[in-house]
Amino acid sequence: MSDDLWRSEMDWQVQDGVLIPAGIPVCWMRRPSNDVNVACIYETENGWRVSTTDERATEESIREYGDRDAAIEDFLSRVDGFVRYQELRKRRRGQR
């Protein structure tokens, strides 16, 4: 599969919600702006940036990548972390 075709397929899947579970907000291919507690990935002049935001919408845990595939892998790993966190919160609420 060509790299451009793979990219457009990946973009479509994320934008359509296929790869990101429902209810998990993300900043996909855009710089965060007042987005709290989200995983982010976007292109910079030097490559790709992956980060998360905190409750104040401040970017943290910033990693820079020259390779888009590595950046997407990190991004999806962070989304998975948000999913696990949400699941743990639901379980704790159910135990009370």
Side-chain angles (χ1 to χ4, degrees):
M1 182 181 298
S2 79
D3 199 36
D4 288 338
L5 181 59
W6 183 85
R7 286 181 184 182
S8 63
E9 178 69 17
M10 176 68 77
D11 292 339
W12 174 84
Q13 288 180 353
V14 170
Q15 291 170 358
D16 209 36
V18 174
L19 293 179
I20 308 299
I24 303 297
V26 298
C27 290
W28 175 254
M29 300 303 166
R30 67 177 177 81
R31 186 178 299 267
S33 173
N34 295 323
D35 298 293
V36 297
N37 299 321
V38 296
C40 309
I41 183 172
Y42 57 93
E43 193 168 10
T44 67
E45 61 185 40
N46 298 321
W48 299 92
R49 176 177 281 182
V50 179
S51 64
T52 55
T53 62
D54 64 14
E55 67 279 355
R56 296 181 189 155
T58 302
E59 264 189 295
E60 56 186 15
S61 302
I62 299 169
R63 296 271 326 258
E64 303 282 343
Y65 293 91
D67 178 53
R68 186 178 197 264
D69 293 345
I72 289 175
E73 185 176 328
D74 182 7
F75 170 77
L76 293 175
S77 173
R78 292 171 190 232
V79 170
D80 187 49
F82 278 109
V83 170
R84 286 191 306 244
Y85 175 74
Q86 294 293 343
E87 289 171 352
L88 287 171
R89 284 186 61 188
K90 285 179 186 176
R91 277 191 233 149
R92 283 195 76 187
R93 287 183 196 159
Q95 292 176 352
R96 292 182 183 181

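All residue numbers refer to positions in the sequence shown, counting from 1. None of the values given here were measured: they were computed from a predicted structure. The basis for the numbers below is simple: all heavy atoms, side chains too, and nothing from hydrogens, waters or symmetry mates.
At a threshold of 4.5 Å between non-hydrogen side-chain atoms, the residues Val36 and Arg56 do not count as touching. Contact annotation: the side chain of Phe82 approaches that of Thr52 to within less than 4.5 Å [non-hydrogen atoms, C-beta and beyond].
Between atom CH2 of residue Trp48 and atom CG of residue Asp69 there is a gap of 10.0 Å, rounded to the nearest 0.5 Å. Summarising the geometry, atom OG1 belonging to Thr53 is positioned 7.5 Å from atom CD belonging to Glu60; distances are rounded to the nearest 0.5 Å. With rounding to the nearest 0.5 Å, the separation of NZ in Lys90 from CZ in Arg93 is 8.5 Å. Atom SG of Cys40 is separated from atom CZ of Arg78 by 9.0 Å, given to the nearest 0.5 angstrom. Atoms CZ and CD1, on Arg68 and Ile72 in that order, are 4.0 Å from each other to the nearest 0.5 Å.
Across every non-hydrogen atom of Ala71 and Val50, the tightest pair is O-CG2, 3.4 Å. The two atoms that bring Tyr65 and Ala70 nearest to each other are CD2-CB, 3.7 Å, heavy atoms only.
The 12-atom threshold is not exceeded at CG of Asn34, counting heavy atoms of other residues, nucleotides or ligands nearer than 6.0 Å.
Residues Val79 and Val38 are members of separate hydrophobic clusters, defined by side-chain heavy-atom contacts under 4.5 angstrom among Ile, Leu, Val, Met, Phe, Trp and Tyr. A chain of hydrophobic side-chain contacts below 4.5 Å, direct or via other Ile, Leu, Val, Met, Phe, Trp or Tyr residues, connects Leu76 to Val26.
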Ile41 and Arg49: CA distance, side-chain angles, deciding distance, side-chain contact (heavy atoms from CB on, under 4.5 Å) verdict: CA-CA 6 Å; Ile41 183 172; Arg49 176 177 281 182; over 6 Å; no

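By the salt bridge (charged side-chain N to carboxylate O under 4.0 Å, His left out) test, Asp54 is found to be paired with no residue, residues two or more places apart in sequence or in another chain being considered. Under the salt bridge (charged side-chain N to carboxylate O under 4.0 Å, His left out) criterion, Glu73 pairs with no residue, sequence neighbours left out.
Side chains of Tyr42 and Arg30: a donor-acceptor N/O pair is absent below 3.5 angstrom, by distance only.
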